[in-house]
Structure formats: C-alpha cells, structure tokens
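Before any comments, here is the structure.
Basis for what follows: all heavy atoms, side chains included, without hydrogens, waters or symmetry-related copies.
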Amino acid sequence: MSSVLPGRLTAPEPGWDVETDVVVVGSGIAGLTTALHVSRHSSLRVLLVTKDVLAAGSTRWAQGGIAAALGAGDSPDEHFADTIVAGAGVCDEAAVRALVREGPAAVRELAQMGARFDRGADGRMSLGREGGHHRNRIAHAGGDATGAEIERALVTRVLDATDVQVIEHALVLDLLTGPDGSVAGLTLHVMGEGQRDGVGAVRARAVVLATGGIGQVYASTTNPSVSTGDGVAAALRAGAIVRDLEFVQFHPTVTWLGRNSRGQQPLVSEAVRGEGAFLVDDAGTRFMTGQHELADLAPRDIVAKAIVRRMRETGADHVWLDARHFGAEKWRVRFPTIHETLLSLGIDPVRELIPVVPACHYAPGGVHTDLRGETSRPGLFACGESACTGVHGANRLASNSLLEGLVFGRRIAETLVTRLGEPAPAPTDVTGPAGPSGVVEESARPDLQALMSRDVGVLRDAAGLGAAAKGVDELLARATAVPGTEAWETTNLLTVASALVRAATVREETRGAHWRDDFPATDDERWRGNVDVRLSPDGTLSTEFRPLTGSAS
Ligand SMILES: Cc1cc2nc3c(=O)[nH]c(=O)nc-3n(C[C@H](O)[C@H](O)[C@H](O)COP(=O)(O)OP(=O)(O)OC[C@H]3O[C@@H](n4cnc5c(N)ncnc54)[C@H](O)[C@@H]3O)c2cc1C
C-alpha cells in the first residue's frame with residue numbers, strides 16, 4: 001500500500017479576505033527577524049500571522065545560545081570547518097559560508113536591537129562552548145535563557161513597528177497561487193478576532209513560511225505543542241520540494257519523566273556537559289569515554305546513539321547525567337532555568353544524578369530554499385527550522401539554528417525589499433492547491449507519535465521503516481468530516497511523517513542524524529547528496545536523489 005495524502009485540507013470556504021505585500025507565517029526568531037527587516041528597510045506592508053500567542057514556538061525555549069565567531073582568535077573559517085564536520089558531507093557549502101560570515105554582524109545587530117546577552121567585566125559578550133565546536137563561540141543570555149531573551153527583544157520590536165500587522169491565534173492551512181503560477185497568499189483559520197473570525201484568505205505578493213519544527217511527529221520531543229510541521233506540510237501540498245527530512249536530530253539529554261510521559265519534555269542543555277557534566281549508566285560507568293575524541297562533548301547524534309545502545313544493552317529506560325560536582329552556586333548562576341525546572345520535577349542536581357533520554361529535538365531538513373531563502377515555488381520563501389537552506393547538512397552543529405533564522409531572515413527580507421520595491425496590490429485571482437481535500441481525525445495523533453518513536457527514531461532499519469509506512473497509511477484512513485485545529489494539525493503531522501518515512505527508507509546508509517542499523521556505513525559513492533520529496537496533486541509522494549558534486553570537505 002502507498003500513502004495517498006490530502007492535496008489540500010478540508011476547510012469551509014474563506015469567509016473574509018485581506019490583502020498585503022508580504023505575509024510571514026510564524027513568530028519565532030525566523031519570522032520575527034524577516035518581518036522586522038522588511039519593515040525597517042522598506043515601506044512594504046507586512047502581515048505576521050501566528051497560530052498561538054506571539055511568544056509560542058521553539059525560539060523561547062532555546063537555552064544554550066547562538067553560535068557566531070565573535071571571540072578573539074576565532075574566525076568564520078573555523079566556524080565553517082566545525083559546521084561542515086557536523087553536517088557529515090552534505091552541507092551546502094555556499095549556504096554555510098553565508099551563515100558563518102554574516103553571523104557575527106547579525107548577532108551584534110540583535111544586541112543593538114535590545115537582546116541583552118551575558119557579558120564579562122570588560123563588556124564583551126561571554127562566549128560558551130558546546131558539542132562539536134572547537135572554540136568558545138556561543139553567545140548566551142540570562143545564563144541559560146537565551147531564546148526567551150531573544151524572543152522578548154524581537155517581539156517588543158515587532159509590536160513597536162507600525163507597518164507590521166500581527167494576527168495571533170491564526171492557523172495557516174493552505175497556500176494560494178496567483179494567475180502567473182507564483183504563490184500569492186494563503187488560507188487561515190482565526191479564532192476570536194472579531195470580524196476576522198473563522199476561515200479567511202490573505203492575498204499577498206510573497207509568502208514566508210517560518211513555522212518551526214516537526215517535533216510533535218514523535219512521542220518524546222523537546223519541541224513545544226505548536227511544532228507540528230504545518231509549513232512543511234502546506235509547502236508539500238503546494239508542490240514545493242522538501243529536502244533532507246530523514247535527518248532528525250535527537251537531543252541526547254532530555255529529562256526522563258517516566259514511561260507514560262508525552263509531548264514537550266525539558267532538556268538539559270548541552271552546555272551543561274560543556275561545563276563538565278558527564279553521562280553514566282546504572283552501574284556508574286562513563287560510557288562516552290573512548291567513543292569519540294570529544295567524549296561527552298561529541299556531536300549530538302553520536303551521544304544519542306551511544307545512549308540508546310547502552311539502554312538496549314542494559315534494558316534501562318534511561319541513563320544518567322552527573323553534574324553534582326558543579327555545586328549549588330554554579331547551578332544557580334550558570335543554569336538557573338534548568339536548575340529550577342529540575343527542582344520542580346523533584347530532582348536536585350547538586351545531590352542527585354539526572355535521569356536523561358534522547359528525544360526529537362531538531363529537523364535539519366525542511367522546505368528546500370536557495371541562498372535567498374526562496375523555495376522551488378516562486379513567491380514562496382521559507383526560513384528557520386521549517387526551511388532546508390543546506391547549512392546543517394545531515395546534522396546541525398549546536399546553536400547554529402537560531403543563527404540560521406537570524407541570517408536567512410535578513411537575506412529573505414533583502415530579497416523581498418529589492419524585488420517588491422513599493423507597496424502594490426496583490427493578485428485578486430488566487431486559487432488553492434489542486435487535488436482532493438481531506439482531513440484526518442485527531443485520535444490518529446498519539447498513535448502516529450508512538451509508531452514514529454518506535455520505528456523511525458534514533459536507530460532505524462528497513463523492517464521498522466516498512467512497519468511505519470504501513471502504520472501511517474492505516475492512520476490516514478481515519479478520515480473525519482469535522483475539520484478543526486486538532487484535525488488540521490494531525491493531518492499535517494501525517495503528511496510530514498509520510499515524507500520523512502519515505503526519505504528515511506530511500507537513504508540506505510548511515511549519515512549524520514540518520515542511522516540505519518541495516519546499513520551502518522556512510523556510503524559516499526551512492527548517497528552523498530540530498531533526498532528531495534514532492535507531493536503530486538493526486539496525493540502520492542515521489543522522491544529524487546540529487547548527488548552532490550565535488551569532494552566531501
Ligand atoms: C528546548 C529547545 C532548546 C533549544 N536550544 C537551542 C539553542 O540553544 N541554540 C540554538 O541555536 N537552537 C536551539 N534550539 C532550536 C531553536 O530553538 C529552533 O530551531 C529555532 O528557535 C526555530 O526558530 P523558528 O523561528 O524557525 O521557529 P519557532 O521558534 O518554532 O517558531 C515557529 C512559529 O510558527 C508558528 N506556527 C507554526 N505553525 C503555524 C501555522 N500553521 N500557522 C501559523 N503559525 C504557525 C508557531 O506558533 C511559532 O510562532 C532549541 C530548541 C528547543 C525546542
């Protein structure tokens with residue numbers, strides 16, 4: 001059996017209609033940066049829509065910080081080298097170059113815009129170290145509250161910008177196309193906004209998807225509840241190319257909350273290991289020693305796999321993180337948020353070991369874009385975690401994701417300002433995606449999450465992926481005639497999961513954040529390149545492998 005996915009979501013006809021130059025979907029670092037930069041550098045009208053309150057999203061949960069070559073002795077070239085190593089041979093080198101070269105100025109500008117980064121007595125930004133980085137280059141704020149501080153600063157700026165209009169509680173459903181074939185707007189469902197209640201349409205000259213991650217596809221994730229991959233699913237339905245979805249980064253150290261816990265789980269930042277905490281099993285053995293030259297600070301996928309293997313060997317539900325030697329003062333000052341969260345869960349890290357497991361944390365793949373952030377559909381841009389710019393390759397280097405949203409948000413804004421020039425009317429004659437509409441009942445969500453965690457998690461093989469594909473097909477059959485937020489999100493999760501399972505099945509090798517137990521070697525001859533997934537209007541997925549030319553640096 002092969003998946004037949006809805007070509008568009010079932011929804012009532014739009015009851016209202018608004019028009020703008022640029023519509024940005026999502027209010028994390030990517031969406032806010034794009035919206036702010038368009039408004040700062042042009043008179044274009046910007047509408048920012050977001051499905052919850054402005055502050056919801058992964059950005060505000062980021063703890064470790066934002067990576068950039070800001071320190072004395074560091075350089076973009078060294079940041080480039082570390083990023084390429086983490087990306088395991090399939091980074092887009094031009095995109096990485098843009099990231100590391102433009103990163104320092106972008107972070108400094110963020111500070112000028114009001115983000116209060118931690119600084120030393122000399123007034124310079126304090127820079128931490130994380131897994132995979134050979135230099136201290138992680139700018140942080142409020143100790144471990146970096147994302148919350150960045151989100152606060154950007155939201156404040158957006159609310160001050162008179163030419164950025166914001167609609168909260170606005171769930172984007174599908175993309176609209178203009179007469180020339182360009183993406184020219186979207187449909188969305190708004191809750192409780194007076195005249196704009198219910199399903200409506202936004203007509204626009206360009207659409208920027210900045211909808212964040214896909215973590216809710218899995219039962220265990222650090223991602224918040226809004227991370228349901230809506231932008232990736234909408235882009236697929238609009239015929240855009242989605243790239244590298246098989247690479248899923250599992251954060252190695254997420255607090256284990258017991259066998260029945262589901263949804264967002266609090267992570268213990270890698271920065272804690274950066275400061276000297278280490279992993280042990282039930283017997284107290286430090287099992288990362290000898291696995292990698294950086295031991296407990298090895299890249300995330302290596303640590304996550306080592307933990308899962310150790311759990312399989314010992315039959316344990318979790319392993320432990322030992323940071324008792326930090327003492328109370330260091331926990332309180334350097335990691336106040338994690339410290340408080342652990343205490344609220346009844347774990348005192350000064351006296352006790354912290355139970356940890358790997359959980360879905362970050363999606364390096366997404367809607368494929370070029371260096372300007374434009375997707376394979378003209379008029380449609382993607383930014384941040386929902387995009388695949390190629391900077392992460394097969395695995396993200398820690399703290400490069402906030403930076404990606406910042407740098408590529410600026411790039412997209414620059415492109416839009418140059419291309420669109422002055423405000424002008426949006427197309428009037430817009431249409432939704434072709435293909436049959438459909439929506440799956442919300443009861444499919446927990447079943448999907450369980451099967452994805454079991455069969456498409458840290459360690460994968462053909463049998464598990466085959467079972468996952470079959471399971472997803474069966475869940476797609478649970479159609480409902482009653483559309484609504486939960487059903488729309490569930491349908492998006494199934495769409496993303498189908499594409500992910502397909503890409504993971506196709507890539508018969510182990511690379512970066514994609515580990516095949518049945519193909520344990522990296523196979524550069526056959527698989528150094530990208531797996532692209534497309535959805536055709538008849539609801540079937542197709543994949544195409546695009547080999548990379550040149551040497552794997
Ligand atoms: C716990 C945690 C810790 C992390 N720590 C770090 C770190 O230290 N450093 C680092 O670089 N990265 C870190 N990351 C990753 C990083 O936070 C994210 O990759 C980044 O914030 C993504 O930003 P974004 O703007 O793309 O998406 P988000 O910040 O997730 O924003 C997405 C937005 O889209 C909205 N949205 C989604 N779907 C729809 C829809 N259908 N309609 C309308 N709106 C929609 C959401 O409501 C939200 O506003 C961490 C992630 C987590 C979860």
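- In terms of modelled atom types and a separation under 3.5 Å, the side chain of Arg60 and the main chain of Ala55 share a donor-acceptor contact.
- Evaluation of the ring-ring contact (aromatic ring centres under 6.0 Å, His included) test over residues 30-51, restricted to residues two or more places apart or in two chains, returns His37-His41.
- Residues satisfying the salt bridge (charged side-chain N to carboxylate O under 4.0 Å, His left out) criterion with Asp532, sequence neighbours excluded, are Arg243, Arg546.
- In this structure, a donor-acceptor pair under 3.5 Å is absent between the side chains of Ser542 and Arg534.
- Listed by chain and number, the residues in a ring-ring contact (aromatic ring centres under 6.0 Å, His included) with His514 amount to none (sequence neighbours excluded).
- The salt bridge (charged side-chain N to carboxylate O under 4.0 Å, His left out) test applied to Glu19 returns Arg45, not counting sequence neighbours.
- Partners of His361 according to the ring-ring contact (aromatic ring centres under 6.0 Å, His included) rule, which considers only residues two or more places apart in sequence or in another chain, are His251.
- For residues 481-504, the ring-ring contact (aromatic ring centres under 6.0 Å, His included) pairs, not counting sequence neighbours, are His189-Trp488.
- Under 3.5 Å, the side chains of Gln264 and Asn223 contain no donor-acceptor pair of N or O atoms.
- For residues 477-488, the set of pairs meeting the salt bridge (Lys or Arg N to Asp or Glu O under 4.0 Å) definition, not counting sequence neighbours, comprises Arg445-Glu486, Asp447-Arg478.
- Closest approach of Pro224 and Ser58 over heavy atoms only: CD-OG, 3.4 Å.
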> Can Thr221 and Ile214 be said to form a side chain to side chain contact (heavy atoms under 4.5 Å, CB included), step by step?
Replying inline: CA-CA 9 Å; Thr221 181; Ile214 62 162; over 6 Å; no

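- Here His368 pairs with nothing under the ring-ring contact (aromatic ring centres under 6.0 Å, His included) rule; sequence neighbours left out.
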> Would Val248 and Leu500 satisfy side chain to side chain contact (heavy atoms under 4.5 Å, CB included), going step by step from the backbone distance to the final call?
Replying inline: CA-CA 9 Å; Val248 178; Leu500 197 167; 3.9 Å; yes

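- Evaluation of the ring-ring contact (aromatic ring centres under 6.0 Å, His included) rule for His169 yields no partner, not counting sequence neighbours.
- Arg8 places a side-chain N or O within 3.5 Å of a backbone atom of Gly435 that can act as its donor or acceptor partner.
- For residues 412-434, the set of pairs meeting the salt bridge (Lys or Arg N to Asp or Glu O under 4.0 Å) definition, not counting sequence neighbours, comprises Glu374-Arg419.
- Using modelled atom types, one finds a donor on one side chain and an acceptor on the other under 3.5 Å when comparing Thr228 with Lys51.
- For residues 373-397, every residue pair satisfying the ring-ring contact (aromatic ring centres under 6.0 Å, His included) rule, not counting sequence neighbours, is listed here: Tyr362-His392.
- Judged by distance alone, with hydrogens and angles left aside, the side-chain atoms of Arg377 form no donor-acceptor pair with the main-chain N or O of Thr177 at under 3.5 Å.
- For residues 384-394, there are no salt bridge (Lys or Arg N to Asp or Glu O under 4.0 Å) pairs, not counting sequence neighbours.
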